[in-house]
Number of protein chains: 2
Amino acid sequence: MRSYGQYCPVAKGAELLGDRWTLLIIRELLFGPVRFNEFERGLPGISRSVLASRLRRLERDGIIERLGDGEGYTFTQVGETLRPVVRTIGDWVATWVIEDPRPAELDPELLMLFISRHIDREELPTGKTVLCFEFAEETRRIWLTMERQDVSVCLEDPCLPVAVRVRAPVRELYRVYMGRTSLRDALDNGSVVLDGLPADRRRFEGWMKWSSFAPTVQAAAAR
Amino acid sequence: MRSYGQYCPVAKGAELLGDRWTLLIIRELLFGPVRFNEFERGLPGISRSVLASRLRRLERDGIIERLGDGEGYTFTQVGETLRPVVRTIGDWVATWVIEDPRPAELDPELLMLFISRHIDREELPTGKTVLCFEFAEETRRIWLTMERQDVSVCLEDPCLPVAVRVRAPVRELYRVYMGRTSLRDALDNGSVVLDGLPADRRRFEGWMKWSSFAPTVQAAAAR
DNA sequence: CTGTATCCTCAAGGATACTG
DNA sequence: CAGTATCCTTGAGGATACAG
């Protein structure tokens, strides 16, 4: 991005954060170190050259740093201070502009990645717990294998016992994720269906923390 | 800007605010309604077509609205809620990344516009008060004509008595404006010189509020 | 796996002229 | 004054191949 040539904090902020993809790259780093190829999961559509260029610039600007040899990228101490900035922007959108997802935004894989980052690991039993998601729009299923140490998205059947099977249209699960509707309501009206032992279905609600912006979305809706 | 296709508040925020010039257009509106041609003063380098395109988009997105017939643009109620967002971004820059102005950023006209927006009008006497600024780098002078109702930048001699004449290098006045140094220190070491009656020179300090980010810059420097 | 290098295309955006 | 229309350029960014 060409500089604005203005000695102004707002202009500098726009230069540092305003490039296409940059804010999303920062969002990805909010959950810990990310390796080069990992970025592409959360940033569908970004090209490798743009990603490399953005990472180089963020590194040059002292916002991120490279960990040793293929360990990926993290925030520097300055980069860490961006957390409340990203939060403020997201909260503003969550309060004033967010609507239901548009058809072009109904990416189930991305949704699963989002969800996987908001599992309350403290609530998990020891060992592996597996969830299976079935979307009304497609036959493909997606699994979540969850442990205390790590939660990951599986596009192939992990061939492990499934604790809870979740069936829903992508749109409805996005709405629950974003706090546009409560899981309870979605279950009551049947747009989301859980299968599994009653005990597991009950604990399921404790595992799922949903989007960190969901409370903001709910507060705005209550207004 | 092409959409990211993500149902995510951060992504939506980047779409709404991340276009080149958009954040600066919003900054301009922070001080009240702005007419089409007025934007160009605070946005040197923007092209008319880009400005028109950005304004149309911000209007479509419900952030700004057009006042009747050549009265310019203002925030909508939603647009008003962007104030703390802009503040957060600016504060982050002011705290963590701002340095002294770079040579390419030493635009005296823009500095005078910035300063004119931060005059404490309550402190002005009734009638017109005129300041004259002389920059070490150039022979051209710039005047500030100040009244309770309005403060404006004059590039031509208003031919009125000057209360205080300010002489400084552009860089030093920018540093004072941004809180990188105090006016007191700049006067003490002679980088900024005031001419005028002692009473006016004393009151001058009360008129000048400098950048709203200056306190943040000072707080960061004290750390 | 972690990038870099190259090429090529398209569209954002700058300059200018023109109109209500 | 407040834009719109047109033209043209440049550089951002996508695709692909390649290298450590």
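Model, not experiment: these values are computed from the prediction. In the text below, chain A, chain B and the rest are named by the order of the sequence lines, each starting its count at 1.
- Across every non-hydrogen atom of I98(A) and A94(A), the tightest pair is CG2-O, 3.7 Å.
- Atom CD1 in I46(B) sits roughly 15 Å away from atom P in dA12(C) (whole-Å rounding).
- Counting to the nearest Å, the P atom of dT4(C) and the CG atom of L51(A) are 10 Å from each other.
- No more than 12 heavy-atom neighbours from other residues, nucleotides or ligands sit within 6.0 angstrom of CZ on R102(B).
- At distances below 3.5 Å, at least one donor-acceptor pair connects side-chain atoms of R121(A) with backbone N or O atoms of Q149(A).
- Checked against a 6.0 Å centroid threshold, the rings of F114(B) and W210(B) do not count as neighbours.
- Taking the side chain of S49(B) as heavy atoms from C-beta on, and the options dT4(D), dA5(C), dA5(D), the nearest nucleotide is dA5(D).
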Item checked: Working for side chain to side chain donor-acceptor pair (under 3.5 Å), residues E65(B) and T76(B) -> CA-CA 6 Å; E65(B) 60 193 355; T76(B) 59; over 6 Å; no
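- Taking side-chain N and O atoms only, R48(B) has no distance below 4.0 Å to OP1 or OP2 of dA17(C).
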Note to self: Set out, in order, the CA-CA distance, both residues' side-chain angles and the distance that settles ring-ring contact (aromatic ring centres under 6.0 Å, His included) for H118(B) and F31(B), then state yes or no.
What the structure shows: CA-CA 10 Å; H118(B) 296 94; F31(B) 302 93; 5.5 Å; yes
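- As a whole-Å value, the separation of R57(A) CZ from dG13(D) P is 11 Å.
- When all heavy atoms of W96(B) and V78(A) are compared, the closest pair comes out as CB-CG1, 4.0 Å.
- Rounded to whole Å, the distance from CZ on R54(B) to C1' on dG3(D) is 16 Å.
- Atom CZ of R56(B) and atom P of dA12(C) are 12 Å apart (whole Å).
- Between the side chains of T95(B) and T216(B), no donor N or O sits under 3.5 Å from an acceptor N or O.
- P44(B) and D107(B) make their closest contact through CG-OD2, 4.3 Å (heavy atoms, listed as atom of the first residue, atom of the second, distance).
- Atom-to-atom, CH2 of W21(A) to P of dG13(D) comes out at 10 Å; the value is rounded to the nearest Å.
- The terminal axes of the helix from dC1(C)-dG20(D) to dG20(C)-dC1(D), fitted over 5 pairs per end, subtend an angle of 50° to the nearest 10°.
- Whole-Å rounding puts the L24(A) CG to dG13(D) C1' distance at 16 Å.
- Across the protein-nucleic acid pair, R20(A) atom CZ and dA12(C) atom P stand 10 Å apart, rounded to whole Å.
- If you check residues 33-45 of chain B against DNA chain D, the residues with a heavy atom closer than 4.0 Å are R35(B), F36(B), N37(B), listed by number.
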